[in-house]
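Report on the following structure.
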Amino acid sequence: MTSQLVQSVDWLTIAPPVLTAAVALAVLVADLFLPPERKQVLGWTAIGGLTAALALLVPLRAGDRSTFCLTPDTRVTACSYTADHFTLVVQLLVLGGALLTALLSLDETRERLPAGEYWFLLLSSAAGAALLPASRDLATLVVALEVASLPAFALVGLKRGDRRSGEAALKFFLSSVTATAVTLLGASFVYAATGTLHLTEIAQRLDDVPGQLQTLAEAGVALTLVGFAFKTAAVPFHFWVPDTYVGAPLPVAAYLSVVGKAVGFTGLILVTVVAFPSYADVWGPALAVLAALTMTAGNVAALRQSSTRAWSAVRLLAWSSVAQAGYLLVPIAAAAYSSDDQIGATVAYALMYAVVNLGAFAVVALVARVRPRNRIEDHRGLYAASPAAALALAFFLLNLAGLPPGIIGLFAKVTVFSAAVDAGLGWLAVVMALNVVIALYYYLRWTALLFRTPEGAPEEAPGEAPAAAPEGTRKGSVALRRPSAPVTLAIALTAAAGAVLSGYPQFALRFATTTLF
């Protein structure tokens with residue numbers, strides 16, 4: 001009995017999230033002693049810490065380690081923390097996304113945002129996001145979810161004196177707290193029905209729940225899924241997304257669109273496929289319907305964005321992220337009808353989406369430095385002012401649309417589509433195909449705008465000097481400031497990753513599929 005009460009601890013296994021949290025505390029303490037002119041040291045410290053956390057994934061690449069187990073033999077007992085291949089892939093995604101966000105944030109913390117608070121909150125959220133995919137009991141899962149979410153509320157509202165930022169943070173906070181309460185209620189019902197918190201043991205005991213507890217168990221499963229559906233921005237729990245993205249600093253919006261979404265989908269995969277497989281006949285159809293509603297609502301709302309409306313570029317990316325959440329839900333729903341291998345399509349799609357969406361936000365942030373109203377129209381003629389930035393943004397948008405040369409985007413969509421067909425969800429595959437066609441319009445409209453002749457800039461006769469475009473007006477090409485090295489590096493890294501994955505798209509699926517559990 002004593003051996004069952006003493007849990008083992010493998011420090012190397014938990015090193016990535018622990019190091020991230022330790023660097024967050026170090027940044028918070030260092031902020032007290034650094035003078036204002038040296039606050040940038042905190043940013044580079046955060047970047048170094050995230051890079052080191054990513055490097056610590058290499059010794060764990062075998063994917064065979066667990067810790068916080070009830071007995072020393074991890075093969076026959078339930079463990080609260082498991083560093084399998086699924087964990088490592090998601091940790092690579094969230095820590096890599098946090099690193100790219102940090103690169104985009106250096107200029108913001110130098111000019112607008114309080115550096116110490118920002119870096120502490122970003123690292124704290126990243127630590128929680130890295131902990132969540134390794135969580136194998138409901139208590140750790142909920143704690144990791146909140147550690148990832150609570151700092152994000154503060155990050156959204158960190159633009160002091162900005163009414164829009166405060167309003168966005170309040171909406172995000174209130175809706176998220178409600179979802180968390182629902183999740184906790186569901187988890188408590190599941191615990192009451194099964195007597196355990198470990199996901200694998202829950203799966204075993206749900207098969208044999210006493211009749212008088214059957215309704216309680218079903219309610220617990222449903223409520224737990226509702227909480228995670230909110231985190232993924234699935235309809236009808238998506239209403240917070242556009243206002244939150246617009247009110248947040250652009251790097252934070254990029255972080256929420258990628259890392260925040262990865263956290264929600266990871267939790268959803270763990271509770272459905274690992275903990276609740278015996279209730280697949282309940283959550284499978286529910287997730288299929290949610291996927292159809294989510295992708296349709298997101299694409300229709302993105303289609304309605306006016307290119308001349310303030311903040312339309314961020315709003316379009318926000319609604320696009322809702323639509324992408326619908327695509328990501330498809331393989332999870334398909335897993336209820338076929339095999340767990342379908343989850344690999346979600347992981348592969350998430351990798352693609354993370355790379356290209358962060359890249360798109362990076363270019364939008366670059367343009368926003370001279371056109372702060374963030375309109376789609378502000379990108380008109382970007383190719384004339386900065387060919388590299390325009391080509392990078394076009395590549396990212398084509399990837400999101402699933403068109404060449406963005407082969408990885410096309411490959412990811414075909415993979416998700418195949419998952420629906422293989423699972424017998426033909427109607428969902430048809431809905432997805434229609435939504436992909438809808439999305440083509442607004443992605444291509446934005447892409448074409450990058451290469452158009454700026455309005456108000458008529459063709460000049462040969463040898464005639466071009467007329468100067470008035471600065472700050474809507475018409476005319478974008479005169480970009482010289483981008484800083486960190487922003488340039490972020491765009492280059494995402495473009496390079498997208499190009500590599502487009503050249504070898506099978507790598508993403510093979511890497512993701514062989515990593516599951």
Handout entry: Criterion side-chain contact (heavy atoms from CB on, under 4.5 Å) on Met295 and Val436, from CA distance to verdict
Key = CA-CA 9 Å; Met295 65 178 74; Val436 169; over 6 Å; no
Exercise for the section: Starting from the C-alpha separation in whole Å, work towards a yes-or-no answer on side-chain contact (heavy atoms from CB on, under 4.5 Å) for Gln324 and Tyr349. Expected result: CA-CA 9 Å; Gln324 301 290 342; Tyr349 198 100; 2.4 Å; yes
Exercise for the section: Output, in order, the C-alpha distance, side-chain angles, deciding distance and verdict of side-chain contact (heavy atoms from CB on, under 4.5 Å) for Val142 and Leu184. Expected result: CA-CA 8 Å; Val142 172; Leu184 286 172; 3.4 Å; yes
Practice task
Would you sort out whether Glu146 and Thr180 count as a side-chain contact (heavy atoms from CB on, under 4.5 Å), showing the intermediate values?
Solution key: CA-CA 8 Å; Glu146 289 312 296; Thr180 300; 2.8 Å; yes
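When side chains are defined from C-beta on, Trp119 does not count as touching Asp31, because their heavy atoms never get closer than 4.5 Å. By the 4.5 Å heavy-atom criterion applied to side chains, Leu317 and Tyr245 are not counted as neighbours. Contact check for Thr346 versus Tyr327: no side-chain heavy atoms found under the 4.5 Å cut-off. Between Leu287 and Leu268 there is a side-chain heavy-atom pair separated by less than 4.5 Å. At a threshold of 4.5 Å between non-hydrogen side-chain atoms, the residues Asn399 and Val355 do not count as touching. Counting only heavy atoms from C-beta outward, the side chains of Lys261 and Tyr353 approach each other to under 4.5 Å. Under the 4.5 Å side-chain criterion, counting only non-hydrogen atoms from C-beta, Phe265 is not in contact with Val90. In this structure, Thr266 and Phe86 have side chains that are in contact, with non-hydrogen atoms separated by less than 4.5 Å.
Side-chain atoms of Ser321 come within 3.5 Å of backbone atoms of Ala318 as a donor-acceptor pair (strictly under, hydrogens ignored). Remark: side-chain polar atoms of Arg136 are not paired, donor with acceptor, to backbone N or O of Cys79 under 3.5 angstrom. In this structure, Lys413 contributes its side chain and Leu400 its backbone to a donor-acceptor pair below 3.5 Å. Ser257 places a side-chain N or O within 3.5 Å of a backbone atom of Ala254 that can act as its donor or acceptor partner. Within the 3.5 Å criterion, the main-chain N or O of Leu123 finds no donor-acceptor partner in the side chain of Thr20. Between the side chain of Thr87 and the backbone N or O of Pro133, at least one donor-acceptor pair lies under 3.5 Å. For the pair His85 (side chain) and Arg61 (backbone), a donor-acceptor distance under 3.5 Å is present. No donor-acceptor distance shorter than 3.5 angstrom exists from the side chain of Ser176 to the backbone of Phe173, with no hydrogens or angles considered.
The minimum heavy-atom distance between Asp137 and Ser80, with the atom names listed, is OD2-OG, 2.6 Å. In this structure, Leu56 and Pro16 approach most closely via the heavy-atom pair CB-CG, 4.2 Å. Between Leu213 and Ala193, the shortest heavy-atom contact is CD1-O, 4.0 Å. The nearest pair of heavy atoms linking Asn299 to Asn435 is ND2-OD1, 3.1 Å. Minimum heavy-atom separation, Leu132 to Gly267: CD2-N, 3.6 Å. The minimum heavy-atom distance between Val235 and Leu290, with the atom names listed, is O-CD2, 2.7 Å.
Side-chain contact, Tyr81 with Thr13: no donor N or O sits under 3.5 Å from an acceptor N or O. A donor-acceptor contact under 3.5 angstrom links the side chains of Tyr255 and Ser125, judged on distance only.
Here the CD1 atom belonging to Ile202 is positioned 5.0 Å from the OG1 atom belonging to Thr194, to the nearest 0.5 angstrom. A distance of 11.5 Å separates CG of Leu329 from CE of Met432, quoted to the nearest 0.5 Å. We find the CG-CG distance between Leu95 and Leu54 to be 5.0 Å, quoted to the nearest 0.5 Å. Here the CG-CZ distance, from Leu425 to Phe417, works out to 11.5 Å after rounding to the nearest 0.5 Å. In this structure, Leu57 CG and Gln91 CD are separated by 5.5 Å, a value rounded to the nearest 0.5 Å. In this structure, OG on Ser135 lies 9.5 Å from CG on Leu145, to the nearest 0.5 angstrom.
The 12-atom threshold is not exceeded at CG of Asp208, counting heavy atoms of other residues, nucleotides or ligands nearer than 6.0 Å.
Evaluation of the ring pair (Phe, Tyr, Trp, His ring centres under 6.0 Å) rule for Trp319 yields His238 as partners, not counting sequence neighbours. For Phe230, the ring pair (Phe, Tyr, Trp, His ring centres under 6.0 Å) partners two or more places apart in sequence, or in a different chain, are Trp240. Residues passing the salt bridge (Lys or Arg N to Asp or Glu O under 4.0 Å) test with Lys171 are Glu167, Asp243, sequence neighbours excluded.
No option in Leu270, Leu197, Leu131, Thr183 other than Leu270 meets the side chain to side chain contact (heavy atoms under 4.5 Å, CB included) test with Leu141.
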